[in-house]
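Order of appearance sets the numbers: ligands from 1, and atoms from 1 within every ligand. Quick caveat, the model's predicted, so the values are computed rather than measured.
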Amino acid sequence: MKTVDARPYPYRFDPARTAVLLIDMQRDFLDAGGFGAMLGNDVTPLRRIVPACVQLLVMARRHGLKIVHTQEAHDPQLADCPPSKKARGGLICGIGDEGPLGRVLVAGEAGADFVPELQPEPSDTVLRKPGKGAFHATGLDALLHAKGITHLLIGGVTTEVCVQTTMREANDRGYECLLVQDCAASYFPHFHDAVVEMVVAQGGIVGWAAPLAAVQAALAEPSTVEAALD
Ligand code: C5J
């Protein structure tokens with residue numbers, strides 16, 4: 001077992017039963033011209049976490065953690081997009097419409113793709129999701145169960161929308177979740193900070209939070225089992 005110096009108290013995990021869940025690091029959220037920018041957001045705070053997310057994936061690959069990339073995108077007929085979602089915001093160029101990065105939030109379009117720095121590798125899992133939470137209308141729970149995953153290290157965008165929704169869904173399903181706080185971002189930095197506090201409040205009501213360096217340090221140390229044998 002590994003132990004992360006986390007809030008509200010140390011987070012223990014077995015790397016063999018732990019996955020990194022990287023939420024929606026797509027051009028539609030991180031690039032000017034994508035869905036996030038169409039909604040009037042400045043994408044800069046999201047772009048800032050890309051190097052840390054690269055390091056998160058490097059760490060996961062080095063230590064054999066499973067990696068799941070989620071992708072918020074709809075099928076080209078928008079059959080999996082509720083009319084309420086398409087109508088929200090009253091955008092001139094909204095979900096399914098032709099934008100600078102192809103059809104907005106549609107699978108297979110440039111905007112739905114991951115940013116170049118965070119392209120999945122063949123051994124990673126890519127999970128397309130129609131909602132904000134990654135468990136809604138997807139096979140994520142079955143997939144994680146099949147791989148014996150009980151613990152999730154979560155990053156991605158945006159902290160208060162898809163990251164937080166997914167973390168709450170996972171928590172309710174019994175997963176032990178740690179928000180890798182510097183690998184997540186919001187267009188509104190104060191929302192990000194508030195989510196971190198919400199997660200760890202009340203004894204970790206939604207889970208744990210820690211910076212990437214704390215997770216890296218935990219993985220670099222001998223496991224508690226090895227240490228006990230010394
Ligand atoms: C949003 C997301 N914000 N990935 N999606 O619409 O957080």
For residues 134-142, tabulate all N or O donor-acceptor pairs below 3.5 Å that involve a side-chain atom, not counting sequence neighbours.
{"unit_1": "T138", "atom_1": "OG1", "unit_2": "A134", "atom_2": "O", "d": "2.6"}
{"unit_1": "T138", "atom_1": "OG1", "unit_2": "L140", "atom_2": "N", "d": "3.2"}
{"unit_1": "D141", "atom_1": "OD1", "unit_2": "Y175", "atom_2": "OH", "d": "2.5"}

Would you mind writing out the side-chain donor-acceptor pairs for residues 185-195 within the sub-3.5 Å range, not counting sequence neighbours?
{"unit_1": "S186", "atom_1": "OG", "unit_2": "E160", "atom_2": "OE1", "d": "2.8"}
{"unit_1": "S186", "atom_1": "OG", "unit_2": "E160", "atom_2": "OE2", "d": "3.2"}
{"unit_1": "S186", "atom_1": "OG", "unit_2": "F188", "atom_2": "N", "d": "2.8"}
{"unit_1": "S186", "atom_1": "OG", "unit_2": "F188", "atom_2": "O", "d": "3.1"}
{"unit_1": "Y187", "atom_1": "OH", "unit_2": "F29", "atom_2": "O", "d": "2.7"}
{"unit_1": "H192", "atom_1": "ND1", "unit_2": "T159", "atom_2": "OG1", "d": "2.8"}
{"unit_1": "H192", "atom_1": "ND1", "unit_2": "A184", "atom_2": "O", "d": "3.4"}
{"unit_1": "H192", "atom_1": "NE2", "unit_2": "Q181", "atom_2": "O", "d": "3.2"}

Donor-acceptor pairs under 3.5 angstrom involving side-chain atoms of residues 32-44: please list them, not counting sequence neighbours.
{"unit_1": "N41", "atom_1": "ND2", "unit_2": "G36", "atom_2": "O", "d": "3.0"}
{"unit_1": "D42", "atom_1": "OD1", "unit_2": "T44", "atom_2": "N", "d": "3.0"}
{"unit_1": "D42", "atom_1": "OD1", "unit_2": "T44", "atom_2": "OG1", "d": "2.5"}
{"unit_1": "D42", "atom_1": "OD2", "unit_2": "T44", "atom_2": "OG1", "d": "3.4"}

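Ion pairing between K86 and D97 holds under the 4.0 Å rule for side-chain N and carboxylate O. Classification of E176 and R17 as a salt-bridged pair fails, no side-chain N sitting under 4.0 Å from a carboxylate O.
Defined by atom type and a distance below 3.5 Å, a donor-acceptor pair is missing between the side-chain atoms of K2 and H63.
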Inventory of protein N or O atoms under 3.5 Å from ligand 1 N or O:
{"unit_1": "ligand 1", "atom_1": "4 (N)", "unit_2": "D24", "atom_2": "OD2", "d": "2.7"}
{"unit_1": "ligand 1", "atom_1": "4 (N)", "unit_2": "V157", "atom_2": "O", "d": "3.0"}
{"unit_1": "ligand 1", "atom_1": "5 (N)", "unit_2": "E72", "atom_2": "OE1", "d": "3.0"}
{"unit_1": "ligand 1", "atom_1": "6 (O)", "unit_2": "K132", "atom_2": "NZ", "d": "2.7"}
{"unit_1": "ligand 1", "atom_1": "7 (O)", "unit_2": "T158", "atom_2": "N", "d": "2.9"}
{"unit_1": "ligand 1", "atom_1": "7 (O)", "unit_2": "T158", "atom_2": "OG1", "d": "3.2"}
{"unit_1": "ligand 1", "atom_1": "7 (O)", "unit_2": "C162", "atom_2": "N", "d": "3.2"}

